[in-house]
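Working notes, beginning with the structure itself.
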Amino acid sequence: MSDRKTERDDEKLGLSRRGFLGATAATGLTALAGATALGGAVMSRESWAAAVKDAQQKIHIEPGELDEYYGFWSGGHSGEVRVLGVPSMRELMRIPVFNVDSATGWGLTDESRRVLGDSARFLNGDSHHPHISMTDGRYDGKYLFINDKANSRVARIRLDIMKCDKMVTVPNVQAIHGLRLQKVPRTQYVFCNGEFVIPHPNDGSNLKNLDAAERYTMFNAVNADTMEVAFQVIVDGNLDNTDADYSGKYAAATCYNSEKANDLAGMMRNERDWVVVFNIPRIEAAIKAGHFKTLGDSKVPVVDGRAGSELTRYIPVPKNPHGLNTSPDGRFFIANGKLSPTVSMIEIARLDDLFDNKLKDPREVVIAEPELGLGPLHTTFDNRGNAYTTLFIDSQVVKWNLDDAIRAYKGEKVAYIRQKLDVQYQPGHNHASLTESRDADGKWLVVLCKFSKDRFLPVGPLHAENDQLIDISGEEMRLVHDGPTFAEPHDCILAHRDQIRTKKIWSRDDPFFADTVAMAAKDGVKLETDNKVIRDGNKVRVYMTSTAPTYGITEFNVKQGDQVTVVITNMDMIEDVTHGFCMVNHGVSMEISPQQTSSITFTADKPGVHWYYCNWFCHALHMEMVGRMIVEPA
Ligand code: CUK
Ligand code: CUA
Ligand code: CA
């Protein structure tokens with residue numbers, strides 16, 4: 001412990017140990033990385049130690065005490081969502097979404113497979129951007145939405161039960177990447193970007209002359225209530241990240257491949273790519289007036305937003321921009337330059353003039369383009385007019401002032417950079433508490449670092465990532481916690497604990513398992529009391545209750561080849577008494593929490609005796625909570 005502090009002391013004093021580590025970012029630009037502590041004067045060892053102690057006290061949550069914030073982390077290519085308490089950074093829960101989960105049975109149970117629909121055949125996912133539904137620019141705590149880049153899906157998670165309840169595959173695009181929500185008047189649309197440019201139609205009919213084929217990708221809006229795709233907008237170039245404004249009128253997205261190239265060199269050819277801005281009321285009006293087409297089998301209205309369209313505007317910005325972030329005061333869209341050391345500040349108040357053709361040059365909406373450092377990827381905000389931008393190549397977070405950046409851009413001699421803080425290492429997203437809402441409170445900053453290198457005990461060639469917690473409540477940013485994570489949280493969102501209201505046990509009328517309840521009603525089964533086996537041709541439905549430590553049925557008979565559906569209703573009322581159901585050697589496992597009904601379907605393909613058991617520890621006699629399926633040979 002004392003060793004670590006000494007090392008950090010050394011870093012603070014400028015004896016950065018990263019200097020000896022060499023570059024990891026695949027770029028020669030690292031050599032250009034500048035000095036670290038621009039704004040921060042070097043403190044004495046004593047006063048710095050005192051400051052760190054103070055910060056550490058803030059994040060120390062006593063056993064039994066609760067955190068002030070919920071954090072929702074994307075799980076990257078593990079496909080899930082993780083729930084953390086902040087500032088302790090304790091992991092509270094995992095919510096399987098685009099993955100299969102052995103513990104809860106997500107992807108195995110009938111209820112989850114109904115949510116997954118056609119896409120249940122995919123066992124992988126790649127979740128990047130978790131965002132909480134809003135009413136009037138404030139988190140309303142109802143839903144969390146998240147994209148799946150791997151299989152072009154968008155999912156909705158109900159935050160009262162922390163389960164995914166709807167999912168949609170966006171048609172005619174490949175790889176849904178950027179995702180943000182309409183903030184005002186409420187989240188009616190989930191905006192999401194199709195990243196990759198593909199030929200249309202993409203049915204192999206145009207492969208002989210692909211260059212001549214029409215090629216594009218689309219910006220998409222999903223109806224947050226129905227989770228159906230509301231509309232799609234054809235764009236030039238490609239689409240990376242997106243965000244919406246605080247008037248409900250505009251959404252914007254970055255494009256890094258204005259070149260429409262298929263290779264790396266081609267994608268870096270232009271000095272500027274662009275931000276495309278979408279005029280949502282104009283798009284809605286065009287669709288209402290019938291000015292749209294449809295593609296293939298899809299019924300989704302598609303409008304054309306390519307250059308010259310009245311629905312969009314293209315604003316040139318340097319170079320391969322990545323993150324797109326709206327400041328919580330509603331004044332700016334900020335595009336992060338990635339291959340340019342700058343971020344571009346787009347003044348949202350000027351967009352009306354841009355759309356009404358009152359500006360000669362779309363660049364007139366760029367009110368400042370501050371230079372911050374190497375590899376700016378994402379920006380987040382406090383409530384005091386400051387922004388925090390990750391510098392991937394410099395492995396730093398830079399704190400800068402929005403208004404001072406504008407004054408400097410106008411030629412005033414004013415320093416806009418407040419501080420640069422080393423992070424460990426190569427940060428992607430960062431996220432400040434409540435920053436995507438009007439309630440941004442400038443207390444905590446999470447920085448999601450892609451590389452941890454030497455920060456943790458080694459665990460083989462695959463290293464942990466490092467989500468760092470930084471105290472931003474004072475003048476100076478202070479790193480207070482390292483949080484190792486598994487592949488690969490891209491982004492997170494922090495809400496105050498009062499904004500999230502969860503159920504402690506299920507309601508019997510919860511829509512999550514309503515279809516299973518309807519099936520039971522058809523079979524004349526009362527789920528809360530009946531323990532019954534219903535045969536329907538070669539389909540067998542086994543209905544049982546569970547009350548710690550017993551199942552309502554401890555033995556049932558089926559025939560080899562039967563399709564068996566086991567439906568269990570957990571009649572326990574006490575919080576925390578979750579049961580499970582695992583049929584040995586059948587790949588069958590599920591969670592049944594108090595007052596929940598869960599079901600799972602499998603084929604009884606092996607004659608003989610097969611034990612099933614409860615796999616969620618529920619009682620002193622949990623081991624004894626078992627039963628047998630007897631399968632007669634065909
Ligand atoms: S992206 Cu991963 S670091 Cu998908 Cu939001 Cu920028
Ligand atoms: Cu029921 Cu363990
Ligand atoms: Ca480019």
Side-chain angles (χ1 to χ4, degrees), residues 73-77 126-131 146-150 175-180 192-193 195 197 236-243 253-261 263-274 316-325 336-340 375-380 389-390 392 426-431 447-450 465 467 487-493 544-552 568 570-572 574 576-582 590-594 612-627:
W73 261 242
S74 60
H77 43 293
D126 189 5
S127 60
H128 285 221
H129 301 115
H131 294 288
I146 190 151
N147 70 300
D148 170 24
K149 179 167 172 175
I176 292 294
H177 184 233
L179 177 148
R180 288 288 184 121
C192 52
N193 285 341
E195 182 174 345
V197 173
D236 287 315
N238 80 339
L239 294 166
D240 192 356
N241 280 294
T242 183
D243 204 350
T254 47
C255 158
Y256 64 81
N257 190 8
S258 62
E259 302 88 349
K260 271 185 160 179
D263 62 344
L264 176 65
M267 291 179 201
M268 298 195 298
R269 199 183 312 121
N270 294 346
E271 277 313 306
R272 280 178 180 165
D273 295 283
W274 57 62
V317 300
K319 175 186 186 177
N320 289 37
H322 182 60
L324 193 293
N325 305 92
N336 297 257
K338 192 165 77 183
L339 294 187
S340 160
L377 289 190
H378 294 280
T379 295
T380 188
T389 300
T390 50
F392 183 82
Q426 267 76 39
H429 276 271
N430 62 354
H431 185 97
V447 181
L448 295 89
C449 298
K450 300 298 180 188
E465 299 187 13
D467 295 347
E488 179 202 357
H490 279 256
D491 195 3
C492 66
I493 185 165
M544 66 174 96
T545 57
S546 68
T547 309
T550 51
Y551 292 117
I568 302 182
N570 181 354
M571 293 314 297
D572 279 307
I574 302 167
D576 233 343
V577 184
T578 291
H579 297 291
F581 177 84
C582 175
M590 65 180 177
E591 160 210 358
I592 318 112
S593 281
Y612 53 89
Y613 70 96
C614 174
N615 54 1
W616 281 85
F617 211 113
C618 55
H619 192 275
L621 295 171
H622 157 79
M623 290 298 291
E624 289 81 352
M625 188 167 172
V626 294

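Whatever order the structure lists them in is the order used to number ligands and atoms, beginning at 1. Quick caveat: nothing in here was measured; it's all calculated off a predicted structure.
Scanning the protein heavy atoms around atom 2 (Cu) of ligand 1, the nearest turns out to be H490 ND1, 2.0 Å.
Side-chain contact check for H622 versus C614: some heavy-atom pair is nearer than 4.5 Å. A 4.5 Å side-chain heavy-atom check between H579 and Y551 finds every atom pair outside the cut-off. No side-chain heavy atom of P549 sits less than 4.5 Å from a side-chain heavy atom of E624. Residues L179 and H131 meet the side-chain proximity criterion, which asks for heavy atoms closer than 4.5 Å. Using a 4.5 Å heavy-atom threshold, the side chains of N147 and C192 count as separate. You'll find the side chain of I568 reaches within 4.5 Å of the side chain of M590, heavy atoms only.
Applying the 4.0 Å criterion to heavy atoms of N241 picks out, from ligand 1, the atoms 5 (Cu). Contact atoms of ligand 1 toward G428: 3 (S) (distance under 4.0 Å to a heavy atom of the residue). Atoms of ligand 1 lying under 4.0 Å from at least one heavy atom of H177, given by number and element, are 1 (S), 4 (Cu).
Rounding to 10°, one obtains 100° for the angle at atom 5 (Cu) of ligand 1 between NE2 (H129) and NE2 (H429). Rounding to the nearest 10°, we obtain 80° for the angle at the Ca ion (ligand 3) between M267 O and E259 OE2. At the Ca ion (ligand 3), the vertex angle linking OD1 of N320 with OD2 of D273 is 70° (nearest 10 degrees).
Residue side and main chain included, M268 places no N/O/S atom under 3.0 Å of the Ca ion (ligand 3). With a cut-off of 3.0 Å, the Ca ion (ligand 3) has no N, O or S atom of N270 in range. Look at S258 and the Ca ion (ligand 3): no N/O/S atom of the residue is under 3.0 Å from the metal.
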(message) Under the criterion side chain to side chain donor-acceptor pair (under 3.5 Å), I'd like the reasoning laid out for D240 against H322: C-alpha separation, chi angles, the key distance, then a yes or no.
(response) CA-CA 6 Å; D240 192 356; H322 182 60; 2.6 Å; yes

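Ring centroids of H128 and H429 are separated by 6.0 Å or more, keeping the two rings apart.
Proximity of H378 to ligand 1, defined as any heavy-atom pair under 4.0 Å, is confined to the side chain (atoms from C-beta onward).
Distances from ligand 1 to the non-hydrogen atoms of L377 include no value under 4.0 Å.
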